[in-house]
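Below you'll find the structure, written out as structure tokens, and then a few comments.
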Amino acid sequence: MAELNIQNVHMQFSGVVALDGVTFDVKEGEIFSLIGPNGSGKSTLFNCINGFNRPQNGSIKFNNINLLKKQPHQIITEGIARTFQNIQNVPYMTILDNILLGAHKRIDNKSTMKRWISRKQRQNEEAMGLEILDFLGIANYEQKYMAGQPYGIQKLTEIARALVAKPKLVLMDEPAAGMNEQETVEIAKIISEIREDLGITVLVVEHDMSLVMSISDRICVLDSGKILAIGQPEEVKNHPDVIKAFLGDSADA
Ligand SMILES: Nc1ncnc2c1ncn2[C@@H]1O[C@H](COP(=O)(O)OP(=O)(O)OP(=O)(O)O)[C@@H](O)[C@H]1O
Ligand SMILES: [Mg+2]
């Protein structure tokens, strides 16, 4: 059964068409990459999946549940967590507290309103947070404040917060942006381990082609909100429309 089913999604902002009839499935257990030039609609599609944007047309289902009828916090409860292209951390909280924000779906409304959770629950959540920091290779960072941390640590904190939500599917918007070569190799390894060791399906947006080619089961290429090609890395790399779009007229030479 296809896990995420995106059908004919159309999204425009006034006169700007960001997504124009986008259709694809992400299957359970896949690492699926979404690539395309700046402004081709990749982040808009993420925002449609997690409920920040409402497309004017089309359908988005996760395990047959219609996500377009749900609010962002309900979509996390359905098992979809995400990271952001522009890092969204709280600077004057510790890294551990930042990542525990991802556990809010397990804290019932009554406790949230009282701003209180039981000591036992706090201990359980902290233990899980520490396990995830260990998994990501930043185990000794939990009590450091977010402010002033290197970019790589901030990016990993975002990933940790998404994983703390115990998702079935994680959406990662440019996890390697701003990373050096060594850090990019590390991110590629982490994405593979998220699938292999944690059993989480991954939908990733990335511009780094060596990362995309090395980790993806399938790749979808967006161009001006439309799908240009979709398939396994080799198929997409050799697709004439992709070559033409990325290399322009020099592809005809
Ligand atoms: N909230 C918004 N209001 C108005 N226009 C928007 C909004 N969000 C996106 N757009 C427009 O939709 C188009 C697609 O933008 P989007 O951010 O999805 O591209 P992208 O593929 O993620 O690009 P990048 O690789 O630069 O992150 C762009 O023309 C953008 O200006
Ligand atoms: Mg984007």
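Just so you know, ligand 1 is whichever comes first in the structure, and atom 1 is the first atom listed for that ligand.
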- prompt: Near the Mg ion (ligand 2), which protein N/O/S atoms fall under 2.8 Å?
  reply: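 The answer, once waters are left aside, is S43 OG, Q85 OE1.
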field: Neighbouring residues of ligand 1, heavy-atom cut-off under 4.0 Å
entry: F13, V16, A18, P37, N38, G39, S40, G41, K42, S43, T44, Q85, E174, H207
Judged by atom type as modelled, is there a donor-acceptor pair below 3.5 Å linking the side chain of [X] to the main-chain atoms of [Y]?
| X | Y | answer |
| --- | --- | --- |
| K237 | Q232 | no |
| Q154 | Q149 | yes |
| N98 | V90 | yes |
| R82 | A162 | no |
| E206 | A176 | yes |

- request: Kindly determine whether K244 and D223 satisfy salt bridge (charged side-chain N to carboxylate O under 4.0 Å, His left out), including the steps that lead there.
  value: CA-CA 12 Å; K244 194 157 189 169; D223 191 23; over 6 Å; no
task: Carefully, step by step, assess E158 and K155 under the rule salt bridge (charged side-chain N to carboxylate O under 4.0 Å, His left out).
output: CA-CA 5 Å; E158 277 238 316; K155 285 281 211 188; over 6 Å; no
- prompt: How far does CG of N5 sit from CG of N66, to the nearest 0.5 angstrom?
  reply: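 Those atoms lie 10.5 Å apart.
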- request: Treat each ILVMFWY residue as a node, draw an edge where side-chain heavy atoms are under 4.5 Å apart, and state whether F32 and L45 are in one component.
  value: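 F32 clusters together with L45.
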